[in-house]
Amino acid sequence: MLYFISGGYCMRFSRMLIPTMREVPSEAEAVSHKLMLRAGYVRQLAAGLYIFLPLGWRVLNKINRILKEEMESIGAQEISMPILHPAEVWQKTGRWYEIKDEMFRLKDRTERDMCLGMTHEEIMTWLASKEIRSYRHLPQIWYQIQTKLRDEARPKSGVLRTREFIMKDSYSFDIDEEGLEKNYKLHADAYHRIFKRCGLRFYQVESDPGMMGGATAHEFMAPSPAGEDEIVLCDKCGYTANVEVAHSVSPAIEDLAWEYEEVHTPQKRTVKEVSDFLNIEPAYFIKSLLVMASEGPVLVLIRGDQELHEKKLTRIVGPFRTALKDEVLSILGVEAGFIGPMGHKMRILADSSLKEGTYVTGANKVDFHIKGAKPDTHFKAEWHDLHISKAGDHCPECNTLIKIEKAIEIGNIFKLGTKYSMPLKAVFLDKEGQERPMIMGSYGIGPARIAAAAIEQNNDKDGIIWPRNIAPFDVEIIPLSINDNKTMEVLEMLYKGLTDSGIAVLIDDRDERPGVKFKDADLVGIPIQIILGEKSLKDDQVEIKRRRTKEIRKVFIENAVKEAIAFSQETE
RNA sequence: CGGGGCGUAGCGCAGCUUGGCUAGCGCACCUGCCUUGGGAGCAGGGGGUCGGAGGUUCGAAUCCUCUCGCCCCGACCA
């Protein structure tokens with residue numbers, strides 16, 4: 001009898017929880033979400049909370065193994081931190097107050113304020129502050145693969161944005177910027193190796209440090225329509241950045257050198273209305289926006305074909321809001337729609353694209369616009385990049401046409417500097433006996449996002465096509481007739497041979513019709529299928545099929561193990 | 001948090017506008033026969049009280065009020 005197989009020493013489809021679905025649950029939108037549900041990888045417990053079923057968990061573990069190997073290779077040490085945190089640590093860095101509803105908060109039985117960790121900078125830094133005394137103990141890199149909790153405003157797209165998720169997070173502690181730079185680079189390089197091993201197409205892009213604070217940050221982005229971010233790419237010079245921070249050069253326009261004149265534009269307020277009315281392209285307009293910043297009102301000028309990039313403006317003037325209609329009237333003396341930059345005393349910021357040229361803009365007089373306004377001649381402004389990059393713009397580095405792609409953020413790296421070490425007093429004594437704060441970096445990767453991105457980038461109409469290194473199994477054997485003796489003998493032989501070579505094998509031993517097994521095998525997406533059918537077996541052959549290409553290779557039984565391994569290894 | 005959509009069997013849906021028989025269909029599931037190279041066929045069977053609460057009514061899946069949940073767009077996003 002089939003001792004190995006019947007004895008439970010192998011993974012049998014009939015015994016595993018692999019609840020595949022023929023129909024797509026209606027709540028799923030993203031391709032990866034649909035396929036993870038249909039192929040039996042995950043189930044949803046509630047909004048943003050997912051159960052990883054056996055196949056899904058195997059995938060995460062494959063990814064985590066790669067993470068650990070690459071982390072260890074740069075000298076990072078794995079530790080494990082609590083998920084439940086006392087409020088005080090977060091209060092010391094101020095994030096207890098800065099972060100609002102996104103933090104899960106609770107009290108323990110003694111009414112002590114606690115929170116669930118959304119990240120671990122505070123706790124890691126706390127540890128460093130307790131245990132590291134001397135420059136001799138530095139540098140250190142600590143990492144963990146640990147659950148994070150965030151009360152997301154809008155969980156979405158399956159496991160891409162959830163309220164509870166696992167993250168590989170690491171933290172570096174150095175005596176100086178030079179050390180940080182080195183660890184930052186080590187992480188960037190390790191991340192490249194990790195994502196490559198996981199079979200992803202990805203870019204490293206400049207990013208916004210956001211609430212992490214700190215000066216420099218990069219994100220690792222896997223292009224996919226399911227992504228929430230947009231990235232700017234230049235094929236020629238390699239410039240890459242998140243649109244949140246990306247610079248770009250708006251398409252150049254010819255200077256039409258109009259004479260300065262007032263034109264009557266009755267009831268034409270928006271750029272589009274005036275543009276249509278005068279039959280002049282929007283790019284020849286100056287859009288004037290009044291915003292209220294903490295320093296007071298600020299007039300912001302962008303070109304008519306641009307959108308204001310609020311984050312860029314925030315970095316210059318701090319938090320702001322657009323002015324109300326009444327405020328526009330009382331501050332500028334004209335109603336919105338006819339504002340121009342001329343003759344105002346307040347601070348004026350303008351997008352750099354407006355530095356040259358001749359434009360149409362509001363006349364500061366109802367129903368009139370000015371044609372022929374020239375920067376520096378008719379108004380003065382501080383020049384900044386204030387627009388959102390978009391398709392049609394050019395690269396800020398080499399002026400080539402840029403591309404914009406949607407992408408999933410699969411990892412990020414931040415230079416934190418002393419943002420956490422100062423408030424938490426993570427200090428050490430240097431060679432001169434001087435007390436100095438540690439220079440820190442933090443580095444994250446979301447394993448579930450890697451899995452989802454891998455599916456987004458590798459699927460076809462039939463299902464998932466796992467990259468080899470993160471597939472839940474290496475090979476799926478499909479005996480078409482489980483009641484046929486020869487089939488089962490060959491099955492056991494192959495199973496033993498492959499397993500002895502370290503190949504992870506799933507056997508579809510269900511008493512199902514061949515069509516069902518083929519459909520499920522394609523859906524589940526294991527890279528290599530070995531089909532045992534009586535047609536081939538009568539010629540002492542089995543079929544080895546590559547999931548990605550559906551290419552089938554017939555081989556003799558005695559060569560099957562060797563061939564399958566070879567086939568597997570030449571598969572991406 | 002703003003806008004929109006949806007909650008009827010495990011999944012996908014119909015029924016609701018215009019209240020009225022025992023709440024229906026496909027898939028899945030169970031039993032038997034049969035079948036076995038791309039989600040077979042026949043026969044029989046189990047499972048829902050219509051997201052929840054309240055109300056109107058002789059009578060509510062259907063009408064009204066409140067509430068909970070999920071999805072999508074936006075805001076937000078270590």
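Letters A, B, ... mirror the listed sequences (proteins, then strands); counts begin at 1.
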**Report entry** Interatomic distance at P, C1(B) relative to G15(B), whole Å
**Finding:** 33 Å

Requested in this report: Describe the nucleic acid contact of Thr20(A) in one word from base, sugar-phosphate, nothing, applying a heavy-atom distance below 4.0 Å.
Outcome: nothing

Requested in this report: Spell out yes or no: do the side chain of Glu23(A) and the base of G26(B) have one donor N/O and one acceptor N/O closer than 3.5 Å?
Outcome: yes

Requested in this report: Compare the minimum distances between each of C70(B), U36(B), C73(B) and the side chain of Asn483(A), then state the nucleotide with the smallest one.
Outcome: U36(B)

Query raised in the report: In Watson-Crick or G-U wobble terms, both distances under 3.5 Å, what is the partner of G24(B)?
Result: C13(B)

Report summary line: pair_partner(G2(B)), Watson-Crick or wobble, both distances < 3.5 Å, evaluates to C73(B)

Query raised in the report: From G74(B), C27(B), U36(B), pick the nucleotide closest to the side chain of Pro514(A)?
Result: U36(B)

Query raised in the report: Which nucleotide, C70(B), G39(B), C72(B), lies nearest any side-chain atom of Lys519(A)?
Result: G39(B)

Query - Between G24(B) and C6(B) - P atom distance, rounded Å - result: 25 Å

Query raised in the report: Taking the side chain of Arg22(A) as heavy atoms from C-beta outward, which of A40(B), C70(B), C27(B) is closest to it?
Result: C27(B)

Query - Aromatic ring pairing His33(A)/Tyr50(A), orientation class (parallel under 30°, perpendicular over 60°, tilted between) - result: perpendicular

Report task. State which of C73(B), G38(B), U36(B) makes the closest approach to the side chain of Arg154(A). Result -> C73(B)

**Report entry** Any donor-acceptor N/O pair under 3.5 Å between G38(B) base and Lys545(A) side chain
**Finding:** yes

**Report entry** Nucleotide forming a Watson-Crick or wobble pair with G54(B), both distances under 3.5 Å
**Finding:** C64(B)

Query - SB check Glu512(A) Lys517(A) (cutoff 4.0 Å) - result: no

Report task. Classify the nucleic acid contact of Asp169(A) as base, sugar-phosphate or nothing, counting any heavy atom under 4.0 Å across all strands shown. Result -> nothing

Requested in this report: Indicate, with a heavy-atom threshold strictly under 4.0 Å, whether Asn412(A) touches base, sugar-phosphate, or nothing.
Outcome: base

Requested in this report: Mind checking Ala47(A) for me? I need base, sugar-phosphate or nothing, with any heavy atom below 4.0 Å counting as a touch.
Outcome: sugar-phosphate

Query raised in the report: Which nucleotide, C13(B), C11(B), G39(B), lies nearest any side-chain atom of Ser26(A)?
Result: C13(B)

Query raised in the report: How long is the gap from CD on Glu230(A) to OG on Ser389(A), to the nearest 0.5 Å?
Result: 10.0 Å

**Report entry** Pairwise 5' ranking along RNA chain B for Glu543(A) and Ala28(A), keeping only the more 5' one
**Finding:** Glu543(A)

Query raised in the report: Out of G38(B), C70(B), U36(B), which has the shortest distance to the side chain of Asp522(A)?
Result: G38(B)

Query raised in the report: Taking atom C1' in both U49(B) and A9(B), what distance in whole Å separates the two?
Result: 11 Å

Query raised in the report: Just checking, any donor-acceptor pair under 3.5 angstrom between side chains of Ser14(A) and Asp509(A)?
Result: yes

Report task. Decide whether Gln529(A) and Asp522(A) meet the rule of one side-chain donor and one side-chain acceptor closer than 3.5 Å. Result -> yes

Query - Spacing of the P atoms in G20(B) and U62(B) (rounded, Å) - result: 10 Å

Report task. Would you classify Glu152(A) as touching base, sugar-phosphate or nothing, given that sugar-phosphate means primed atoms plus P, OP1 and OP2, and contacts are heavy atoms under 4.0 Å? Result -> nothing

Report task. Report which part of the nucleic acid Lys517(A) touches: base, sugar-phosphate, or nothing (heavy-atom distance under 4.0 Å, all strands). Result -> nothing

Query raised in the report: What is the nucleic acid contact for Arg38(A), judged by heavy atoms within less than 4.0 Å: base, sugar-phosphate only, or nothing?
Result: base

Query - Worked verdict on Lys148(A) versus Glu164(A) for salt bridge (Lys or Arg N to Asp or Glu O under 4.0 Å) - result: CA-CA 6 Å; Lys148(A) 314 287 179 201; Glu164(A) 175 177 327; over 6 Å; no

Requested in this report: Between Glu29(A) and Phe518(A), name the one whose nearest nucleotide on RNA chain B is closer to the 5' end.
Outcome: Phe518(A)

Query - Pair Asp462(A)-Arg547(A), salt bridge (Lys or Arg N to Asp or Glu O under 4.0 Å): steps then yes or no - result: CA-CA 10 Å; Asp462(A) 293 311; Arg547(A) 169 63 184 89; 5.2 Å; no

**Report entry** Paired nucleotide for G38(B) [Watson-Crick or G-U wobble; both distances under 3.5 Å]
**Finding:** none

Query raised in the report: Looking at the side chain of Lys156(A), which of C72(B), C71(B), G37(B) is the nearest nucleotide?
Result: C72(B)

Requested in this report: Between C13(B) and C71(B), how far apart are the P atoms? Round to whole Å, please.
Outcome: 15 Å

Requested in this report: Using Watson-Crick or G-U wobble geometry with both distances below 3.5 Å, tell me the partner of C29(B), or none.
Outcome: G45(B)

